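Only one structure is covered here, and it is reproduced in the block below.
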Amino acid sequence: MGSGSGVRARLSARAIVAVLARKGQEEVLAARLGLLDAPKRSGRDGVTALGIGPGRWLLLDPSADQLAGLTDLASLSDQSDGYAVFEVWGPSVRAALAKGVPLDLHPAVFTDSVAVTVIAHIGAIVWQSAADRFAIAVFRSYAGSFWHWLCASAAEFGLTVEEQP
Amino acid sequence: MSRLAEGGLIERRKALQFRFDGRTYRGFSGDTLASALLANDVVLVGRSFKYHRPRGIFTAGSDEPNALVELRRGARREPNTKATTVELFDGLEAWSQNRFPSRAFDLLSVNNLLSPFLTAGFYYKSFMWPSSWWEKVYEPWIRRAAGLGRASGEADPDTYEKAHAFCDVLVAGSGPAGLMAALSAGRAGARVILCEEDFLFGGRLLSETYAIADRPAANWAMNAVAELRSLSNVRLMPRTSLVAVYDGNGYAALERVGDHLAIPASHQPRQRLWKIVAGRAVIATGCHERLIAFGGNDVPGVMQASAIRTFLNRHAVVPGRSVSLFTATDNGWRTAADLARAGIGVAAVVDSRRHVNPALVAAARRTGARVFLDAQVVGVRGGKRVRSVEISTDGHNALTVPCDALGVSGGFNPALGLTSHLGARPRWSDAVSAYVPDALPPGMDVAGAARGIFSLSGCLADGARAGAEAGGRRTEVPVAEGECSDLEPFWRTKRSRGKAFVDLQNDVTEGDVIQAAREGFISGEHLKRYTTLGMATDQGKTGAIVGQMVLTALTGRAPEDVAPPIARPPAVPVAIGAYAGLHRGRDFRPTRLTAGHAWAVERGATFTETGQWLRAQWFAREGEKDWLETVSREAAHVRAAAGICDVSTLGKIDIQGRDAGIFLDRIYINSFSTLPVGKARYGVMLREDGFVMDDGTTSRLGEDRYFMTTTTANAGRVMQHLEFCHQVLWPELDVQMISVTEQWAQYAVAGPRSRDALRKVVDRAFDISDAAFPYMAAAGITVCGGIEARLFRISFSGELAYELAVPARYGDALIRRVMDTAADTGLAPYGTEALSVLRIEKGHPAGNELNGQTTAHDLGLGRLMSSKKDFIGRVLAGRQALTAPDRPSLAGFKPVERGKRMRGGAHFFVPGIRIEPDHVEGHMTSVCFSPALGHWIGLGLLKRGPERIGEHLRAYDPVRDEDFLVEVCSPIFVDPEGARLRV
Amino acid sequence: MRYSAYNLVAQALRCNRHWKPLWRDAAPRPAYDIVIVGGGGHGLATAYYLAKEHGLSNIAVIERSWIGSGNAGRNTTIIRSNYREPGNIPLYELSMKLWEGLEQELNYNVMVSQRGVCNLFHSDAQRDAYARRGNMMRIHGVDAELLDEAAVRRHAPFLDFDNARFPIRGGLLQKRGGTARHDAVVWGYARGASDLGVDIIQNCEVTGFTLTAGRITGVETTRGVIAAKKVGLAVAGNSSRLAAMAGFRLPIETCVLQAMVTEGIKPLIPGVITFGAGHFYISQSDKGGLVFGGDIDSYKSYAQRGNLPVIEDVCEGGMAIMPMLGRLRVLRQWAGNVDMTMDGSPIIDRAPVDGLYFNGGWCYGGFKATPASGFTFAHLIARDMPHASAAALRLDRFSTGHVIDENGQGAQANLH
Amino acid sequence: MRITCPYCGERDSEEFSVQGEVAGPRPRPSDYGDADVKAFHAYVHLRANDFGLTREYWYHGNGCRRWLEVSRDTRNHAILGVAMASGAGRR
Ligand SMILES: Cc1cc2nc3c(=O)[nH]c(=O)nc-3n(C[C@H](O)[C@H](O)[C@H](O)COP(=O)(O)OP(=O)(O)OC[C@H]3O[C@@H](n4cnc5c(N)ncnc54)[C@H](O)[C@@H]3O)c2cc1C
Ligand SMILES: NC(=O)c1ccc[n+]([C@@H]2O[C@H](COP(=O)([O-])OP(=O)(O)OC[C@H]3O[C@@H](n4cnc5c(N)ncnc54)[C@H](O)[C@@H]3O)[C@@H](O)[C@H]2O)c1
Ligand SMILES: Cc1cc2nc3c(=O)[nH]c(=O)nc-3n(C[C@H](O)[C@H](O)[C@H](O)COP(=O)(O)O)c2cc1C
Ligand SMILES: [Zn+2]
């Protein structure tokens with residue numbers, strides 16, 4: 001799409017579990033799993049947790065161990081199939097994303113942030129999976145429309161699609 | 001050719017060809033269409049709105065009232081385009097507008113002769129006789145005559161984009177003030193955006209012969225821009241107009257990405273709408289030189305004095321061979337000096353002031369110009385171009401001075417529109433005889449001429465100040481050549497000959513203002529609306545204030561006593577396409593596809609929109625003559641064998657927590673805390689006003705866990721409602737919820753052989769026999785060898801039926817597998833239309849019945865309403881009108897003459913009773929052809945419906961010219977005992 | 001001064017020097033029989049009909065700013081009577097009939113343009129809902145036609161039938177619907193009322209009420225107390241403020257409604273077209289500008305201006321069905337403060353305070369009602385009895401449940 | 001309009017939907033008779049609709065999904081405070 005490859009993208013498959021704190025258990029739960037109760041990336045032991053609301057997180061690729069014994073602390077809900085997660089990077093990634101992402105993605109501003117937001121009328125969760133590399137999760141039914149938006153937005157910079165490793 | 005041999009900011013090596021009204025001309029890169037036309041001696045550019053008077057070019061910017069053209073051809077035609085803002089490109093084509101048959105000879109210019117009748121408000125007083133002529137004669141005529149250019153009428157072939165930007169300091173305008181503001185903020189490291197609507201940065205500096213720091217001003221500007229460009233924290237946005245200010249430091253800017261090209265570059269939009277959030281904004285948008293009302297001030301060749309300098313200095317274009325100036329400011333004299341320096345004859349300088357800086361006068365005299373102080377231009381001769389001006393020093397006798405252009409400088413209007421977008425009103429400043437910004441919205445500052453500072457050194461210093469205050473740091477202000485910028489307000493020439501316009505584009509004259517005042521339109525806003533003063537595409541930037549001041553004087557008020565009509569967004573007109581961006585046509589809204597979509601496409605499904613979802617409506621087979629045959633076949637097949645339907649779009653909510661049951665009890669009219677684990681129950685929820693909000697089945701998957709389904713249409717609203725109830729009303733409850741609509745692909749498998757079909761995929765460990773898994777059972781199971789799934793024995797069709805959910809990634813594979821393995825059971829896909837047939841046959845309410853106006857009782861669900869608990873809507877459901885016995889309630893209908901096709905939306909009347917509003921008995925909500933019964937059936941809401949079974953009623957449907965008898969019956973057409981469910 | 005062809009010529013020959021003010025710009029007198037608060041279309045029409053139909057004369061209309069400065073002066077001028085609810089249709093149809101004779105009635109050309117209102121539908125369910133509405137209109141004697149896709153193609157061939165996200169399946173057409181020149185309606189009624197002796201008092205804001213024994217005896221204003229035997233409120237978006245002064249609350253929230261106009265162009269579209277799967281409606285003014293709008297800015301506001309998201313939403317809707325709009329430019333955006341009721345329908349009733357009458361809750365659609373609203377409100381004030389055509393528009397319908405909820409949105413003001 | 005969500009931070013109002021004025025606590029029904037109807041009628045329908053300071057429920061639906069109570073000035077849209085709505089409508 002376009003020429004050059006100012007933007008690169010791939011689809012990334014991840015296990016996602018929503019962890020919703022039981023009433024009054026937010027802090028205990030956060031401490032147990034090493035979570036920040038904030039719109040931030042947090043977590044430990046190889047788990048990435050995305051704060052998506054007060055007392056609400058999405059855990060990426062959690063292990064069974066980590067989820068065990070949370071019964072009284074949290075309600076868990078599998079969301080692995082609920083989202084399509086895109087990863088986008090490249091020299092023009094910010095310019096392309098600016099065409100729909102209503103967030104200040106300046107490197108000094110959007111660092112360990114997680115933002116639940118809306119992109120081109122599609123609800124989305126945005127975070128950085130690595131420096132200058134953005135992950136965007138959209139509900140899976142929207143994946144086609146989201147991809148269409150991404151192609152249109154990145155076209156002028158050249159878009160290269162990478163296979164999943 | 002009227003091009004100077006040298007000078008100007010044009011690239012003479014880049015010659016460009018363009019066409020205007022079919023003739024080919026040449027210009028240069030760096031020209032605007034206006035400068036290129038003038039360079040080719042094209043002075044007459046179009047005809048005026050009402051009187052069809054010849055018009056030329058009045059300004060050199062986006063405040064242009066006259067030089068409007070149709071730009072480009074075919075689907076790209078843009079009417080009303082200001083020639084002064086069009087950057088010339090090779091191959092450009094433009095046409096004059098509002099003329100018939102031609103620019104030079106326009107038949108409708110008879111309106112000019114009729115002008116005594118066409119004064120302010122004439123429409124309202126006329127065209128009433130005879131009254132029948134209005135629709136047929138007058139109105140069509142008025143409409144044809146109105147408007148200026150012609151829209152293409154074709155879909156816009158170009159694309160548009162929107163984008164977001166964030167900065168600390170947003171600077172609009174790149175004149176001396178804007179550049180200094182950007183420099184002082186940028187040098188301090190702030191994130192700066194500098195947007196400039198022109199294609200070059202520099203503002204007036206590009207048009208003037210000043211010196212700054214001992215360099216020509218334009219060079220200084222280019223150096224400043226180069227420095228800004230070198231700063232990584234500064235973003236320069238040429239061809240970008242700041243168009244609007246919104247709440248919370250939100251700004252909108254329009255970038256013309258491809259308008260300077262014949263067609264936009266590939267993968268580039270034509271325009272991009274920027275939504276900018278800025279900590280601070282500095283509005284440095286300069287000012288507009290205003291006109292003076294005198295007879296003939298619209299003749300082609302009459303121009304702003306400052307526009308003459310732009311054409312001369314920036315574009316190296318000679319606006320006339322012999323130019324006069326009519327000025328109330330020092331600016332007119334400066335124009336004279338620049339003209340003379342370029343070797344152009346200055347015929348006369350007429351100043352309305354008695355006292356003018358003697359140095360200016362002496363300089364003008366040296367050029368050979370005739371100088372008139374305390375004098376006025378009282379008329380202009382010339383039809384299609386100025387031939388001479390008439391000058392009077394005593395208001396009586398006039399002297400004719402031949403010339404072919406007239407520069408006018410009546411003072412300056414700070415370009416402060418953006419400062420009033422949030423409602424702030426400017427104040428009058430006697431010092432500069434103009435309205436200047438007063439209170440400003442939070443975060444906004446104004447600098448330079450936009451703030452009423454009209455000297456170059458003042459603008460530089462003010463820009464530096466504003467930049468520093470916006471978070472920059474003090475920056476050295478370069479020394480600028482001193483500049484004379486005195487002025488005295490001067491609005492109109494008294495006793496002038498001919499029409500004196502105060503709104504050139506809308507053809508509003510001083511006389512119209514006087515008449516409006518006479519007729520009582522003495523508020524400035526009334527004046528505007530009665531005469532259309534300032535309502536044209538230029539929003540009266542150069543003239544409206546003159547009309548307002550005429551009114552102010554007539555009514556004995558002072559400028560400070562009146563508020564000028566408020567400026568509204570956008571600051572310059574913005575294409576509708578730009579506000580829409582990508583979201584047009586098919587991309588208007590995103591499309592949601594279920595996991596089984598690709599499979600349905602392969603099966604030849606026809607799809608229907610349900611909110612943003614696409615759902616398979618039916619699966620036509622070869623040889624079927626219409627959808628009705630297909631749908632009937634699908635529905636009948638479900639009742640005879642088995643069918644499968646994708647119901648993934650239903651809202652699904654995972655509700656957990658110790659208090660989940662209590663929570664649901666308060667949400668639903670019926671009870672859920674008593675629902676055993678492993679069971680599903682149909683539930684109805686009300687809005688707080690007592691009407692039904694939604695329905696669906698909710699299952700209990702564990703002690704603390706429920707799985708709620710909602711209708712597709714209401715999924716979002718229900719989720720929002722639940723969260724309101726939990727977070728706002730009952731935060732003490734331990735309940736957590738999250739939408740799992742997208743997590744699960746869900747299929748309804750229905751029909752007598754549905755169990756057989758399911759057995760092909762359900763893992764053997766799970767017994768789904770009627771005994772082990774009875775009606776309304778719900779369980780987590782596995783399918784296809786260990787894939788987690790959920791099975792619900794619920795039925796919308798009245799048949800033995802299940803809903804099977806699998807994680808969405810398996811949605812596609814599952815349906816393929818079931819279809820393959822269960823082929824011997826006859827399993828066939830069915831779409832939403834057959835789904836609807838099946839539910840109508842069973843009398844289940846759906847969207848047309850859950851229309852927000854029905855109560856649970858209306859739908860025959862009143863018995864579910866628990867009287868043992870409080871729930872949302874219970875109290876107001878008890879209101880008098882909601883419990884009235886004769887409310888229309890759900891009933892079934894069939895045509896008395898069975899072959900008739902019934903229609904949704906028909907109204908019921910008792911036969912023999914007159915058709916009138918008071919006699920309406922109800923209406924038909926849903927209809928279908930029932931394959932089970934072999935005729936059309938319907939559901940409807942009928943007064944006392946259930947009591948009237950057997951009665952014959954008229955189904956009256958005048959919009960489809962139908963009117964026949966129907967019989968009231970039970971809404972359950974098939975298997976009223978529900979035996980088929982429990983096999 | 002009566003307008004006639006003769007008069008126009010005579011004036012023109014005398015250089016238009018002898019025109020008279022359309023209405024007297026009156027100063028407040030100490031007392032009136034009836035004071036109408038609000039110099040919008042409804043207030044002025046009420047005064048006009050009080051004088052004309054009920055022979056009353058000692059009447060003042062009090063306007064805080066210039067007449068027509070409220071929603072009357074900023075609406076998208078659509079007139080129609082294509083309602084569905086029996087409580088609404090009679091009022092809007094009475095209005096339509098009054099519109100049809102208004103220029104003769106007022107001897108003022110308010111440029112009623114009956115070029116049709118076409119509501120597009122995009123699904124079978126929507127078609128049935130429009131059929132239901134159309135039938136209800138026909139039952140009330142109102143014209144309505146259900147167009148199929150082919151008929152819509154003939155009516156508006158420029159619509160995007162083939163590339164639409166929500167394909168156009170047909171439309172509900174009311175041919176008698178259309179537009180009228182909003183400002184002229186204000187001026188025409190003002191002139192008519194003034195000629196019948198009504199005082200039109202501008203720049204006079206009502207700041208309170210005077211009460212004796214629970215009964216209204218007058219209004220306090222920025223220009224002094226004005227006594228009145230009866231007071232009628234017709235202040236649209238400001239209804240709740242006035243109600244608060246009189247000590248009661250209304251089922252109303254005031255929201256922003258925006259509108260836009262493009263640069264003037266030659267005739268492009270017939271009548272009014274509304275999009276049924278998004279928020280967009282459009283018509284073309286006599287001057288050539290395309291006047292369009294969509295949804296409200298659903299937050300409460302008295303600020304007469306809105307924000308960008310709604311403008312984007314409206315333009316997206318426009319481009320979804322009329323891609324030929326792309327290059328046409330929005331010239332101006334503005335907004336009004338609309339009095340959204342909890343069921344989306346208006347209220348014409350006695351207020352809970354003796355001597356006080358209430359007219360409001362017009363939401364985004366009261367311009368079309370102007371003549372009938374004035375007519376029926378005048379009837380209510382003069383006779384102390386509701387007019388038959390407005391009988392359902394009661395204030396107590398929210399507590400009794402007799403709500404008139406055209407779209408079944410329920411009791412949330414900004415959803416209507 | 002920009003709203004500073006206590007959780008998400010400053011966001012455009014596009015991400016939110018507004019329900020309307022904070023109408024006070026939901027009444028506690030007693031016998032579901034006239035008095036209850038009256039109380040619920042006031043709660044569901046009647047609004048101060050203030051000119052000036054108002055409190056509204058906004059839902060951060062395209063964000064953290066929290067209901068917020070936003071204090072705003074209806075004359076100029078100035079936002080004076082945003083808080084989580086938890087418990088505001090409690091009985
Ligand atoms: C953008 C927009 C588009 C619309 N489009 C349409 C449409 O196409 N069709 C349609 O039918 N309707 C439309 N409407 C609705 C319609 O404009 C209104 O419902 C209608 O104008 C309200 O009645 P009114 O004319 O009397 O109101 P207004 O003109 O608002 O009159 C109320 C008057 O009361 C005055 N006032 C307020 N408080 C006081 C006080 N304390 N003392 C004295 N005076 C006071 C105000 O200044 C104002 O002049 C639209 C509204 C808007 C904002
Ligand atoms: N001699 C006099 O009497 C007199 C009077 C007035 C002004 N002036 C001169 O005019 C200059 C004023 O300087 P300044 O910096 O204030 O203004 P400027 O006119 O030099 O620059 C304003 C710039 O803003 C741009 N602009 C306008 N609206 C815009 C928008 N909405 N978005 C983006 N860009 C926009 C314009 O294209 C222009 O380039 C000074 O040089 C001053 O000497 C002289
Ligand atoms: C039907 C209609 C047509 C309009 N046409 C124009 C127009 O052609 N030019 C213009 O500048 N404004 C036009 N306006 C907008 C008005 O200038 C003005 O913005 C609006 O009446 C609101 O008033 P306000 O902006 O003073 O608050 C129009 C308004 C309406 C209601
Ligand atoms: Zn949030």
Side-chain angles (χ1 to χ4, degrees), chain B residues 78-80 116-117 119 124-128 131 139 142-143 146-151 153-156 246-247 252 515 518-520 523 525-526 529 537 568-569 573-577 579-580 583-586 588-589 609 687 689 847 851-853 879-882 904-905 907 917 923 958-959, chain C residues 3 5 8 12 16 19 21-22 66 86 103-104 108-109 113 125 128 131-132 134-135 138-140 144 146 158 163 165-166 183-184 263-268 286-288 307-308 311-312 315-316 318-320 323-334 400-402 405 408-411:
Chain B
E78 288 154 53
N80 305 330
F117 301 95
T119 55
Y124 313 128
K125 298 171 190 147
S126 50
F127 303 118
M128 295 185 275
S131 73
E139 208 211 348
I142 291 172
R143 283 183 178 271
L148 285 167
R150 297 161 306 150
E154 294 173 51
D156 185 350
Y246 295 104
D247 288 309
Q515 185 189 328
R518 230 175 243 141
E519 293 191 271
S523 144
E525 297 284 359
H526 275 156
R529 287 158 174 79
T537 66
R568 297 274 182 210
V574 174
I576 292 176
Y579 285 117
H583 302 293
R584 54 185 284 192
R586 273 193 208 285
F588 166 54
R589 288 293 175 264
E609 295 76 24
R687 300 187 305 233
D689 68 357
N851 62 9
Q853 300 181 302
R879 283 180 291 172
Q880 175 199 326
L882 279 74
H907 286 257
H923 76 279
V959 294
Chain C
Y3 299 143
L8 278 178
N16 292 303
W19 293 110
L22 267 76
W66 39 280
E103 72 209 25
Q104 302 300 321
Y108 200 70
N109 189 350
S113 170
D128 287 355
R132 176 183 169 198
N135 283 335
R138 295 280 285 269
I139 291 163
H140 281 78
L146 197 66
F158 48 79
N163 187 40
R165 173 71 179 79
F166 299 99
D183 291 323
E263 299 176 341
I265 46 171
K266 294 293 178 195
L268 184 68
D286 279 296
K287 249 186 77 196
N307 276 292
L308 186 57
I311 289 169
E312 296 179 70
C315 292
E316 288 170 7
M319 289 298 284
M324 71 170 175
L325 295 178
R327 301 181 100 81
L328 300 176
R329 287 178 286 252
V330 174
L331 171 60
R332 193 168 165 104
Q333 308 158 357
W334 66 94
T400 60
H402 290 282
D405 188 350
Q409 291 293 351

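Fair warning: this is a prediction, and the values are worked out from it, not measured in the lab. Quick note on labels: first sequence line is chain A, next is B, and so on, each numbered from 1.
- B:Arg150 places none of its side-chain heavy atoms less than 4.5 Å from the side chain of C:Ile265.
- Here the side chains of B:His583 and C:Glu312 are not in contact, with every heavy-atom distance at 4.5 Å or above.
- Contact count against chain B (heavy-atom pairs under 4.5 Å) is highest for C:Asn307 among C:Leu268, C:Leu146, C:Asn307.
- For the side chain to side chain contact (heavy atoms under 4.5 Å, CB included) test, residues two or more places apart in sequence or in another chain that qualify with B:Arg687 are B:Asp689, B:Phe691, B:Met693, B:Arg717, C:Asp405.
- The closest side-chain heavy-atom distance from B:Arg568 to C:Gln333 is not below 4.5 Å.
- C:Phe166 places none of its side-chain heavy atoms less than 4.5 Å from the side chain of B:Arg586.
- If you tally non-hydrogen atom pairs under 4.5 Å between each of B:Ala146, B:Pro116, B:Pro958 and chain C, the highest count goes to B:Pro958.
- Residues C:Pro21 and B:Glu519 form no side-chain contact, since every pair of their non-hydrogen atoms from C-beta on lies 4.5 Å or further apart.
- Comparing B:Arg518, B:Glu609, B:Glu154 by how many heavy-atom pairs each has under 4.5 Å with chain C, the most go to B:Arg518.
- Among C:Met324, C:Arg329, C:Gln409, the residue making the largest number of heavy-atom pairs under 4.5 Å with chain B is C:Arg329.
- Note: B:Gly149 leads B:Ala252, B:Pro79, B:Ser126, B:Gly149 in heavy-atom pairs under 4.5 Å with chain C.
- The residue among B:Gly577, B:Gly520, B:Ser523, B:Pro569 with the most heavy atom pairs within less than 4.5 Å of chain C is B:Pro569.
- For the options C:Arg132, C:Arg327, C:Gln104, heavy-atom pairs under 4.5 Å to chain B are most numerous at C:Arg327.
- Considering only residues two or more places apart in sequence or on other chains, C:Pro323 meets the side chain to side chain contact (heavy atoms under 4.5 Å, CB included) condition with B:Ala155, B:Arg584, C:Asp160.
- Per-residue heavy-atom pair counts under 4.5 Å with chain B were compared for C:Gly288, C:Pro267, C:Gly134, and the maximum is reached by C:Pro267.
- In this structure, chain B has heavy atoms under 4.5 Å from both the backbone and the side chain of C:Asp286.
- We find the OG1-CG distance between C:Thr400 and B:Leu882 to be 9.0 Å, quoted to the nearest 0.5 Å.
- Both the backbone and the side chain of C:Glu103 come within contact range of chain B, each with at least one heavy atom under 4.5 Å from a heavy atom of that chain.
- Most heavy-atom pairs under 4.5 Å with chain B, from the set C:Leu328, C:Leu325, C:Asp183, C:Ile311: that is C:Leu328.
- Taking 4.5 Å as the limit, some side-chain heavy atom of B:Arg143 sits within range of a side-chain heavy atom of C:Ser113.
- The shortest side-chain heavy-atom distance between B:Ile576 and C:Met319 falls under the 4.5 Å cut-off.
- Of all heavy-atom pairs between C:Lys266 and B:Leu148, the closest is CE-O, 3.3 Å.
- Contact annotation: the side chain of C:Asn16 never approaches that of B:Phe117 to less than 4.5 Å [non-hydrogen atoms, C-beta and beyond].
- In this structure, chain B has heavy atoms under 4.5 Å from both the backbone and the side chain of C:Leu331.
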